Amino acid sequence: MRLSGKTAIVTGGANGIGAGCVRRLADEGANVVIADIDDAAGEALAADLGATVIYARADVSQRASVEALFDEAITAFGAVDILVNNAAFVHKPGVIANFLEYSDEAWRKTLAINLTGMFYCSQSAARLMAKRGQGGVIINMSSGGASRAHRHMFGYDASKGGIEAATRAMALDLASLNIRVNAVVPGSTRVDHGTSVGDSPIAPSAVIPLPRQGRPDDIAAAVAFLASDDAAYITGARIVVDGGMDAQLRSPAVDYSYDYSEHL
Ligand SMILES: NC(=O)c1ccc[n+]([C@@H]2O[C@H](COP(=O)([O-])OP(=O)(O)OC[C@H]3O[C@@H](n4cnc5c(N)ncnc54)[C@H](O)[C@@H]3O)[C@@H](O)[C@H]2O)c1
């Protein structure tokens, strides 16, 4: 119950990693606003978790929609202490395409949701937190694609690189207000409607050092830590939660193809 008395907004909180964050923050005692465009999933999750969790329809790419979201959060719970910028244009047709075929529409939509959405939500949150004078926490969902590329995900990777740069820039501008800004970097994480290594013929153990895909709970644990006072002196940082993917140069399948027997 590290977050008792706090209020959190989780964008994209109706499904996948965001839903895992909603559950974990609620378990830690926070009031939570699920901000999403998937009404059915958002309402079902809120109903499942009780009166301290509400669903608010919000399209993070629209400034007016984001302002209405924060008004709704204040009306329901009186303040916003924690913002998790998790919503993203992902697992959708058009997101995955070779650079030669990458469309104008996919580029615009990816940046509008992933990057501009993060800007709108963070600015609304930071202005409220600054006015209230009690600090606050912003957590941005990044991706391994911010620092190393996926094939055929040019726009997505560019948006995530922007998110990590923005995390550092916001952390500096907001530090004197005790508003901490950090990023969480998930690895391949199994979500209901996602496509990731689990759907490929290659077993996760062939590419992930801790030989399984991540779960939303794994990511939510890092988010809960950063949201809590246990992370009171952490800002401008990134926590990688990827089973060791970022640490490795080559996948096990490639490394084990060498004959190490004479070195054992
Ligand atoms: N699943 C993975 O393997 C993985 C890996 C690295 C990073 N991530 C990141 O984690 C985050 C969550 O990904 P996920 O896999 O859970 O995806 P998901 O598709 O399961 O969830 C994304 C949620 O965002 C919502 N959303 C989309 N557009 C929106 C908008 N305009 N306004 C508000 N909500 C909107 C969707 O309705 C959905 O509920 C994303 O930022 C993603 O880039 C995921």
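When a ligand or atom number is given, it counts from 1 through the structure's own listing order. Here the structure is a predicted model, which is why all the values come from computation and not from measurement. Scope of the values below: all heavy atoms of this structure, side chains included, with no hydrogens, waters or symmetry mates.
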Legend entry - Shortest heavy-atom approach to atom 27 (C) of ligand 1 - which of A88, A87, G12: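 Residue with the shortest heavy-atom distance to the ligand atom: A88.
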If we only count N/O pairs under 3.5 Å, is [X] in contact with ligand 1?
| X | answer |
| --- | --- |
| T189 | yes |
| D38 | no |
| S188 | no |
| P186 | no |
| I113 | no |

Legend entry - Donor-acceptor side-chain pairing of N85 and S122 below 3.5 angstrom: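 Yes, S122 and N85 have a side-chain donor paired with an acceptor closer than 3.5 Å.
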Inset, instruction - Could you verify whether a donor N or O on one side chain and an acceptor N or O on the other, from Y55 and D39, lie under 3.5 Å apart? - result: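 The answer is yes; a qualifying pair exists.
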Inset, instruction - List every atom of ligand 1 that sits less than 4.0 Å from any heavy atom of A58, numbering the atoms from 1 in the order shown and giving each element. - result: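 Here the atoms of ligand 1 in question are 32 (N), 33 (C).
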Inset, instruction - Any atoms of ligand 1 less than 4.0 Å from a non-hydrogen atom of N15? List them with their elements. - result: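 Taking each heavy atom of N15 in turn, ligand 1 has 20 (O), 38 (C), 39 (O) under 4.0 Å.
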Legend entry - Candidates V241, N86, V84 - the one meeting side chain to side chain contact (heavy atoms under 4.5 Å, CB included) with V223: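 Result for side chain to side chain contact (heavy atoms under 4.5 Å, CB included) with V223: V84.
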Inset, instruction - Apply the side chain to side chain contact (heavy atoms under 4.5 Å, CB included) test between H152 and each candidate in I96, V95, D157; give the one that qualifies. - result: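 For H152, the side chain to side chain contact (heavy atoms under 4.5 Å, CB included) test succeeds with only one of I96, V95, D157, which is I96.
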Inset, instruction - May I ask you to decide whether E164 forms a salt bridge with K160, counting only side-chain N to carboxylate O separations under 4.0 Å? - result: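 So E164 does not pair with K160 through a salt bridge.
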